[in-house]
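In this text the structure is predicted, and so the values were computed from the model without any measurement.
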Amino acid sequence: MSDHGASAKPPQQTFVECGECGGNMNVVWFCKNCPISLCGKCARSHKTKHQYKFHAVVPRTYTVLRLYGPAKLAEQCHIHPEKEISTYCNDCDIPCCVSCLANDHNRHDFSTIEDKYLDAEKVLNEYYRLLDTDVRPTIENMEEQAKADVKEDDSHVQKVLNDINDFRKDVVQNFNRACDELIIQVKKSQSKGKERLDEIEKYKKNLVTLKHEIEEKIEKGDLDIVKYVPPKVESLIPELKITQNTVQWFEPDKRILDMINASVGVINFKEIKKEETKGIKDVNVQNKNSFKSKIKVASMTTAGNNMAWVMYCWNHTMYLYNDEGKVVRSVTVKDGVGIIDMSITQSGEMIVTCGDNKVRRVSVSGEVSTKINTAPFGCSGVCLTDEEEIVVCMRDQGDKNHVAIYSHDGRCKVREIRAVDGQGNQLLTKPYRVVLNDLDLNVVNAFMNVVSISCEGDVRWVYDGKQAKIKRPFDPSGICVDKYRNLLVSDLQNHCVHYIDRKGGLIQVIMTLEQTGLQRPFGICVDDVTRHVWVGNANYDVVIARYLKLL
């Protein structure tokens with residue numbers, strides 16, 4: 001479609017070209033004086049030219065219809081050249097003339113070309129508004145978060161470098177001390193050898209003196225020589241006989257080098273992130289928006305980009321909402337009781353549980369197929385590991401309830417995970433929701449507690465809400481994990497959310513009835529980019545709030 005009227009061809013076959021460079025990318029501007037359409041680059045340079053200094057360059061949402069009136073929209077029909085295009089067939093989605101309307105499009109729904117332009121203008125204006133109100137703030141928030149992350153990373157890097165240098169100093173000091181001690185031992189052995197040498201020298205002098213004494217007696221012909229009894233020969237030999245070298249050889253233990261290499265340590269990036277929760281004093285909650293959903297809210301899954309999926313266990317359709325409360329997309333899974341829970345793969349596919357004994361796959365295009373058959377167990381909560389293994393809450397079998405991990409293709413069960421307390425009692429009695437936090441699984445026992453277990457079944461901790469000193473019994477329903485590896489658990493009876501650290505300690509009770517006005521929160525999810533928490537209930541209410549950690 002050109003700037004001066006509607007094309008005779010279907011809209012999808014036409015393009016807007018820049019009047020200066022001829023490109024068709026980002027052509028969203030229009031010069032009212034020339035008049036030509038402009039891409040973003042040419043629009044910026046257009047008014048820098050002296051002859052175009054006072055031209056009015058406006059967004060193309062100021063349509064040709066608004067600028068020049070309906071007369072400029074008229075173009076000839078390519079089927080009936082003698083006729084002007086004056087109508088638009090809504091059923092066929094193409095512009096046409098009155099002859100086309102009477103023949104090929106008889107009894108079709110149609111609009112005037114002017115009305116169609118006005119409708120298109122409304123859509124473009126809304127799209128343009130969303131670019132400014134939704135996309136730009138989101139990108140700015142992402143930029144702000146990225147800058148904050150870079151700053152945090154810099155501080156962590158400096159801390160790690162300081163720790164490494166401190167460790168190196170300790171190692172060097174200890175190593176130097178050990179080497180100094182060896183040197184002292186060597187020098188001591190050297191001094192002992194010299195002492196022995198001095199002692200031998202004394203014996204030699206005594207021997208010379210004794211020889212001279214005997215020689216004098218013989219030369220003088222001393223008659224008493226017969227009576228002369230010289231010392232015993234044995235007494236003339238030193239008692240400290242030197243039979244070997246007293247200084248031992250120094251043989252470096254090369255195993256020490258290997259031990260040092262093995263014991264210096266490694267950089268564990270997850271350990272760095274664990275320290276981010278230290279020193280939290282308060283969590284501030286700021287309401288952003290609230291709206292009514294089409295269905296009751298029992299479960300929610302974030303889709304990023306300020307959007308979240310909403311599900312209810314007795315409804316076969318789930319809806320994707322943006323943060324303005326508008327439905328962006330819906331998906332229907334006709335089988336089962338209703339959609340219980342859902343997790344999204346990196347490729348955009350959905351892994352869905354529906355209250356029966358099947359885990360289903362929903363492709364990007366919306367095709368539904370069975371992924372896993374969990375019979376005789378029913379399945380409820382579902383999440384994915386980093387390797388996209390499928391974690392499922394298995395229920396309806398009493399004391400046999402557990403959590404199962406399946407391969408990413410669903411063809412085999414990797415392991416079954418059960419948890420028992422110190423008395424051997426089963427802890428996963430009502431596994432309802434599950435999320436992965438590092439390598440630990442955090443399972444909501446419906447309306448009871450939260451149990452954290454390793455993938456091997458070791459119990460890390462159990463959170464029962466007593467730390468929060470709440471009025472009614474702890475009633476967990478939904479659970480999610482944020483970028484700080486902390487957990488957010490919705491509490492149905494106490495109208496709040498428990499913000500829990502990865503060790504099971506309560507950080508703070510947030511999103512209370514007083515803060516958000518939301519009663520009986522059920523489903524919950526968190527958008528890590530915007531730090532927005534979405535919470536919904538069975539009264540069709542959805543509240544979006546941003547939480548800020550004050551350190």
Side-chain angles (χ1 to χ4, degrees), residues 296-301 311-314 336-343 351-359 372 374-383 390-406 413 415-437 440-455 457-468 470 472-481 487-494 496-498 500 504 520-525 536-538:
K296 298 178 180 181
V297 184
S299 181
M300 306 181 80
T301 300
M311 292 147 276
Y312 183 63
C313 47
W314 300 107
V337 177
I339 299 175
I340 300 292
D341 200 8
M342 181 266 285
S343 191
I351 306 300
V352 183
T353 56
C354 300
D356 55 5
N357 55 12
K358 292 181 181 178
V359 178
I372 303 170
T374 62
F377 292 90
C379 52
S380 54
V382 63
C383 72
I390 304 169
V391 184
V392 186
C393 291
M394 312 290 274
R395 53 175 180 76
D396 298 338
Q397 296 294 318
D399 59 357
K400 295 182 180 180
N401 290 348
H402 62 280
V403 173
I405 301 180
Y406 291 85
K413 183 186 292 187
R415 66 177 67 89
E416 293 182 358
I417 300 175
R418 292 177 170 83
V420 296
D421 61 14
Q423 289 73 42
N425 299 318
Q426 166 73 307
L427 293 178
L428 300 182
T429 54
K430 297 180 181 179
Y432 178 62
R433 292 283 186 267
V434 59
V435 294
L436 187 75
N437 194 5
D440 294 340
L441 298 174
N442 298 275
V443 185
V444 170
N445 271 321
F447 320 118
M448 292 176 57
N449 53 30
V450 178
V451 180
S452 179
I453 52 180
S454 70
C455 290
D458 298 326
V459 179
R460 303 296 193 196
W461 47 263
V462 178
Y463 180 83
D464 57 10
K466 293 180 180 179
Q467 299 179 43
I470 47 183
R472 298 181 178 87
F474 183 46
D475 193 1
S477 50
I479 187 171
C480 60
V481 59
L487 299 168
L488 295 99
V489 182
S490 58
D491 187 345
L492 195 69
Q493 294 294 331
N494 293 281
C496 64
V497 171
H498 297 242
I500 307 169
R520 299 177 64 80
F522 209 148
I524 186 171
C525 67
N537 63 15

Met448: which residues meet the side chain to side chain contact (heavy atoms under 4.5 Å, CB included) condition with it, sequence neighbours left out?
Thr429, Lys430, Asn445

Going by the side chain to side chain contact (heavy atoms under 4.5 Å, CB included) test, name the single residue among Leu488, Val489, Ile479 that passes it with Val435.
Ile479

Can you sort out the partners of Asp464 under side chain to side chain donor-acceptor pair (under 3.5 Å), two or more places apart, ordered by chain and number?
none

Look at the side chain of Gln467 and the backbone N and O of Ile500, then say whether any donor-acceptor pair between them is shorter than 3.5 Å.
no

Set of side chain to side chain contact (heavy atoms under 4.5 Å, CB included) partners for Ser490, sequence neighbours left out:
Ser477, Pro521, Ile524

I'd like a table of donor-acceptor pairs (distance under 3.5 Å, sequence neighbours excluded) in which one partner is a side-chain atom from residues 391-399, with atom names and distances.
| from | atom 1 | to | atom 2 | distance (Å) |
| --- | --- | --- | --- | --- |
| Arg395 | NH2 | Gly355 | O | 3.3 |
| Gln397 | NE2 | Pro376 | O | 3.1 |

What residues form a salt bridge (Lys or Arg N to Asp or Glu O under 4.0 Å) with Asp475, not counting sequence neighbours?
none

Ignoring hydrogens and geometry, is there a side-chain-to-backbone donor-acceptor pair from Ser380 to Pro431 under 3.5 Å?
yes

Who are the salt bridge (Lys or Arg N to Asp or Glu O under 4.0 Å) partners of Arg472, not counting sequence neighbours?
none

Partners of Tyr432 by ring pair (Phe, Tyr, Trp, His ring centres under 6.0 Å), sequence neighbours excluded?
none

Those residues that, when tested against Tyr312, pass side chain to side chain donor-acceptor pair (under 3.5 Å) (two or more places apart):
none

Of all residues at least two apart in sequence or in a different chain, which pass the salt bridge (Lys or Arg N to Asp or Glu O under 4.0 Å) check with Arg415?
none

Only counting residues at least two apart or in another chain, list the ones meeting salt bridge (Lys or Arg N to Asp or Glu O under 4.0 Å) with Lys400.
none

Residues that Asn357 engages under side chain to side chain donor-acceptor pair (under 3.5 Å), provided they are two or more places apart:
none

Taking all non-hydrogen atoms of both residues, which atom of Val450 and which atom of Pro476 are closest, and how far apart?
CG2-CB, 4.4 Å

Any Val297 side-chain heavy atom under 4.5 Å of Asn537 side chain:
no

Can you list the residues that meet the side chain to side chain contact (heavy atoms under 4.5 Å, CB included) rule with Val462, with sequence neighbours excluded?
Leu427, Asn449, Val451, Val459

Hey, does the side chain of Asp356 reach the backbone of Lys358 with a donor-acceptor pair shorter than 3.5 angstrom?
yes

